[in-house]
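Remember, it's 1-based here, ligands and their atoms both numbered in the order they're listed. For the single chain, residues carry numbers from 1 onward in sequence order. Remember, predicted model here, so these are calculated numbers, not experimental data.
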Amino acid sequence: MKKFIISIDQGTTSSRVILFNKNFKVVDIVQKELTQYFPNEGWVEHNPIEILNDVKFLIKKILIKNHLNPIQILSIGITNQRETTVLWNKKTGKPIYNAIVWQDRRTSKLCDFLKRKKYQKKIRQITGLLIDPYFSATKIKWIIENKKNTKKLIKNNNLMFGTIDTWLLWNLTTKKLHLTDITNASRTMLFDIKKEKWSKELLKILKIPESILPKVVSNVYDFGKMKIFNNTIQIGAMAGDQHSALIGQACFKIGQSKSTYGTGCFLLMNIGYKFKLSKQKLLTTIAYKINNKKMYAYEGSIFVAGSAIQWLRDKLKFFKSSSDTNKLYEKANKNERIVVIPALTGLGAPHWAPNVRGAIFGLTRNTSISDIIKSTLQSIAYQTYDLINCMEKNSGKKIIDMRIDGGMAKNINFIKFLSNILQINIIRSQNIETTALGVAYLAGLFSGIIKKTSDIEKQWEYKDIFKPKISKKLRKNLLEEWHYHINKILN
Ligand code: ADP
């Protein structure tokens, strides 16, 4: 009987379930879009029940579609959108409020208050993070303070918190296991990433009771069993999406890094066993913990990457499909020197300037749609340069190549330019489903078809490598031009 691994990839815009064979090749993918709620300016919510029902539906669908019996599934791995916060009633199982999504900015004022109270240094030392509404802590506090009955539920020990991994696990294991994995925990702004436990000090500052928090465990663990079709399937792994992609790209060595170019861009660099803070504003996070071996990563994100392409497509109506941008790039006029800074929702690392907005410099009567598209794509490469520069300075390690994935990794002209600007080889993996693949590898470790992480490195295959080809002078000029303009909007 053939055996398989299943990954649940619960993302921001959709939930996906992916079936892998024992060689970690994708056999099938099923997917369902997720409803987005925007009840107020800057608020973003999901319905936790919809997420749960979609995931259950998709698991059943993939089993039926592929004529599989649950006993053929060696184990399930769960990877998820991070930071998104759910609070629910332990007795009824019902959410107290919608899930507050990582993009939600409603707790900005509370974060400003925490900064004014000078908690930044302490929070950074304990959690590796910067005070920001992005992380779960202030979202939890908002729900506790704004919803009725939460105090009573806390008193009776009936209030539960979880990020999406925890919410799914508790429900899939028929309300038995209240667990999270160490990578998801490290994005709550409540977790001490050195001592590997919830920080009593931060819980006290934020007045969040420890009783509502899940137990934190490693990424490969006995996460219990899911009941399905009168049978059960073992859940053997959990990891936050970007951490899972780092594993899916087999970045187990210090200095190895991956960059995922989806809606936003998330760059993670493995920095090894020791906790380190960057001098600039990169986040320090737990990369993964497997068999008692814990590694840290630096993380930097560019808020607007693929979503700049969506903006050109949907708002400016420059083209029909994102994939058209590759061809249009080639039509750009070589003599046009425009600079697009698509800071549509502010700038992320290393600037952390949420209030800055985008700009286009150097427009002339000759500027065409292609010029704007090319320059927008190039801007993502320049921003990656700024991030990498910052990571190298802080880690003391030279990045020699970078593994990339995500929707924008389909754009050859973008990748070539990225390689030129970074002056390193850009590697695309054979399997583009790297987020799902990472947690599938981890589930494989749990069920024993993989013995150690070095086996993952052996399994991992690249599709193509892009090498830098640009004159030193041109590169220097382009970078100078970029920095001149980015400094203009920052100042
Ligand atoms: P997410 O996981 O964040 O939903 P994906 O990894 O699926 O994102 O990538 C989707 C993003 O990639 C979209 O914003 C889209 O505009 C962009 N994208 C897709 N194909 C291309 C392409 N060929 N060139 C440039 N951008 C692209």
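With hydrogens left out, the protein atom closest to atom 22 (C) of ligand 1 is S322 O, 3.6 Å, a heavy atom. When hydrogens are left out, the protein atom nearest atom 26 (N) of ligand 1 is M408 CG, 3.4 Å; that is the closest non-hydrogen contact. From the protein, the heavy atom lying nearest to atom 23 (N) of ligand 1 is S323 CA, 3.5 Å. In terms of protein heavy-atom proximity, atom 3 (O) of ligand 1 is closest to T263 OG1, 2.6 Å. The nearest protein atom to atom 6 (O) of ligand 1, hydrogens excluded, is given as G407 N, 2.9 Å; this is a heavy-atom distance. Protein heavy atom nearest atom 11 (C) of ligand 1, with residue, atom name and distance: G262 C, 4.0 Å.
Of all atoms in ligand 1, numbered sequentially from 1 with element shown, those under 4.0 Å from a heavy atom of T325 are 24 (N), 25 (C). Atoms of ligand 1 lying under 4.0 Å from any heavy atom of T13, numbered from 1 in the order shown and given with element: 4 (O).
Here the options are I73, L63, I59, the test is side-chain contact (heavy atoms from CB on, under 4.5 Å), and the partner is L19; only I73 passes.
E50 and T35 form a side-chain donor-acceptor contact under 3.5 Å, judged by distance and modelled atom types alone. With hydrogens and angles left out, the side-chain atoms of D181 and T183 include a donor and acceptor closer than 3.5 Å. Of the N and O atoms on the side chains of T163 and D165, at least one donor lies less than 3.5 Å from an acceptor on the other residue.
Heavy atoms of N326 come nearer than 4.0 angstrom to ligand 1 in no pair at all. Contact analysis leaves G11 out of contact with ligand 1, as no non-hydrogen atom separation drops below 4.0 angstrom.
With ring centers used as reference points, F24 lies under 6.0 Å from Y441. Aromatic pair F414/Y261: ring centres closer than 6.0 Å.
With hydrogens and angles disregarded, no donor-acceptor distance shorter than 3.5 Å links the side chain of K410 to the backbone of S322.
A cation-pi geometry, defined here as NZ or CZ lying under 6.0 Å from the six-membered ring centre and within 45° of its normal, does not hold between R475 and Y385.
Neither the backbone nor the side chain of S14 has any atom closer than 4.0 Å to an atom of ligand 1 (non-hydrogen atoms only).
At least one protein heavy atom sits closer than 4.0 Å to atom 9 (O) of ligand 1.
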